[in-house]
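One structure below.
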There are 2 protein chains.
Amino acid sequence: MMKRTKQKEAILSVLRSTTSHPTAHWLYAEVRKEIPNISLGTVYRNLRLLRESGEISEIDFNGTFSRFDGKPDNHYHFKCEKCGSIFDVGEPVNNEINERVARKTGFRISRHWLQFSGLCKEC
Amino acid sequence: MMKRTKQKEAILSVLRSTTSHPTAHWLYAEVRKEIPNISLGTVYRNLRLLRESGEISEIDFNGTFSRFDGKPDNHYHFKCEKCGSIFDVGEPVNNEINERVARKTGFRISRHWLQFSGLCKEC
DNA sequence: TTAGGTGCAAAACCTTTGCCATCCC
DNA sequence: GGGATGGCAAAGGTTTTGCACCTAA
């Protein structure tokens, strides 16, 4: 069972207060403003716990490090190939596709991810 | 300009002869059967060169390391949450969606990835 | 009370890079 | 020759882990 600690609450709160899909290290820097002696290991440990419990999700989007997303609902992402920023895409989530592909392949499909890349408005 | 070397050919040939979307390390082990003293650095260097020239692609699918795909055409993937295997999905690629999302967001979109996860037939 | 969490530092891990030798064009 | 590549080893950066001490439930 997962304890609610002030470190965990702070990480979750920072993650939910931004739309920027930050990295673990950025979250670490932010949370340190509030809890100066929190360790990077604790940040990673809590991000894993929160991911496993489904409260946050991890975006794996061609890159050397993970980015995290505090929104509970499923949605799609866009990554700018130049500046690396990640944005949410408003495109409605297609839930039928899981079932269609499941019928076709014989796999049990529980979710899907859709990611776009290109150039953002600034680049 | 990219030279064709026997190391590069061997890597490409191994990658194209499997449907398993292997990791760099697996490719290294396979290619070593043919070129015993090839180095892991060379494998990584050639994978990067081949990726940059568009001959192969890299799949980033929640995981600590990259997997590679020797097929030049765009297609979708499924990852088993239990055994970690990655399979191709026959679902036709939807090319209109790039344009639709581009109109909606104002970004210039050049490509997209679609990934499914769940349980494969064996798991 | 105690199972789970924290801080710290070191380890583990994948990937890239520097250096110099080597191989083709 | 000379630019691109290879092999090796070391560096780089992200993430995990061992351990002793704490703390929420």
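Just so it is clear, the model here is predicted, and its values are computed rather than measured. Chain letters run A, B, ... following the sequence lines, proteins first and then strands; every chain starts at 1.
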| query | To the nearest 0.5 Å, how far apart are CG in Asn94(B) and CZ in Arg100(B)? | reply | 6.5 Å
| Among pairs that include at least one residue of residues 26-47 of chain A, which meet ring-ring contact (aromatic ring centres under 6.0 Å, His included), considering only residues two or more places apart or in two chains? | His25(A)-Tyr28(A)
| request: Measure from NE2 on His25(A) to C1' on dG12(D) and round the result to the nearest Å. | output: 14 Å
| said: Applying a 4.0 Å non-hydrogen cut-off, can you work out what Phe65(A) is touching in the nucleic acid: base, sugar-phosphate, or nothing? | reply: sugar-phosphate
| Which is true for Ser66(A) with a 4.0 Å heavy-atom rule: it touches a base, it touches only sugar-phosphate, or it touches nothing? | sugar-phosphate
| field | Residues in salt bridge (charged side-chain N to carboxylate O under 4.0 Å, His left out) contact with Glu96(B), at least two apart in sequence or another chain | value | none
Could I get a table of every N or O pair under 3.5 Å where one atom is in the protein and the other is in nucleotides 18-23 of chain C?
residue	atom	partner	partner atom	Å
dG18(C)	O6	Arg45(B)	NH1	3.3

| request: Quickly work out the Arg48(B) CZ to dA4(D) P distance and round it to whole Å. | output: 13 Å
| request: Quickly work out the Met2(B) CE to dC25(C) P distance and round it to whole Å. | output: 14 Å
| message | Output the rounded distance in Å from CG (Leu49(B)) to P (dT15(C)). | response | 16 Å
| field | Euclidean distance, atom NZ of residue Lys6(A) to atom P of dC22(D) [Å, nearest integer] | value | 13 Å
| Integer-rounded Å distance: dA4(D) P and Gln7(B) CD | 17 Å
| field | Pairing residues for Arg16(B) by the side chain to side chain donor-acceptor pair (under 3.5 Å) criterion, not counting sequence neighbours | value | none
| said: I need the CG-P distance between Asn46(A) and dA24(D), as an integer number of Å. | reply: 13 Å
| task | Return the set of residues passing salt bridge (charged side-chain N to carboxylate O under 4.0 Å, His left out) with Lys104(A) (not counting sequence neighbours), or none when no residue passes. | result | Glu91(B)
| query | Do any pairs count as a salt bridge (Lys or Arg N to Asp or Glu O under 4.0 Å) and have a residue in residues 20-41 of chain B, sequence neighbours left out, and if so which ones? | reply | Glu30(B)-Lys33(B)
Could you tabulate the donor-acceptor pairs under 3.5 Å formed by side-chain atoms of residues 116-123 of chain B, not counting sequence neighbours?
residue	atom	partner	partner atom	Å
Ser117(B)	OG	Glu81(B)	OE2	2.9
Lys121(B)	NZ	Thr105(A)	O	3.2

| query | If only side-chain N and O atoms of Thr5(A) are considered, is one of them under 4.0 Å from the OP1 or OP2 phosphate oxygen of dT6(C)? | reply | yes
| Transitively linked via ILVMFWY side-chain contacts under 4.5 Å: Phe78(A) with Trp113(A)? | no
| query | What's the OH-C1' distance between Tyr44(A) and dT6(C), to the nearest Å? | reply | 17 Å
| message | Taking the axis from the first five pairs and the axis from the last five, what angle separates them in the helix from dT1(C)-dA25(D) to dC25(C)-dG1(D), rounded to 10 degrees? | response | 40°
| With sequence neighbours excluded, residues passing salt bridge (charged side-chain N to carboxylate O under 4.0 Å, His left out) with Glu99(A) | Arg103(A)
| query | What parts of residues 33-42 of chain A reach DNA chain D, counting only heavy atoms under 4.0 Å away? | reply | Leu40(A), Gly41(A)
| How would you list, by chain and number, every residue that makes a ring pair (Phe, Tyr, Trp, His ring centres under 6.0 Å) with Tyr76(B), sequence neighbours excluded? | His112(B)
| Among all residues two or more places apart in sequence or in another chain, which pass the side chain to side chain donor-acceptor pair (under 3.5 Å) test with Ser66(A)? | Glu58(A)
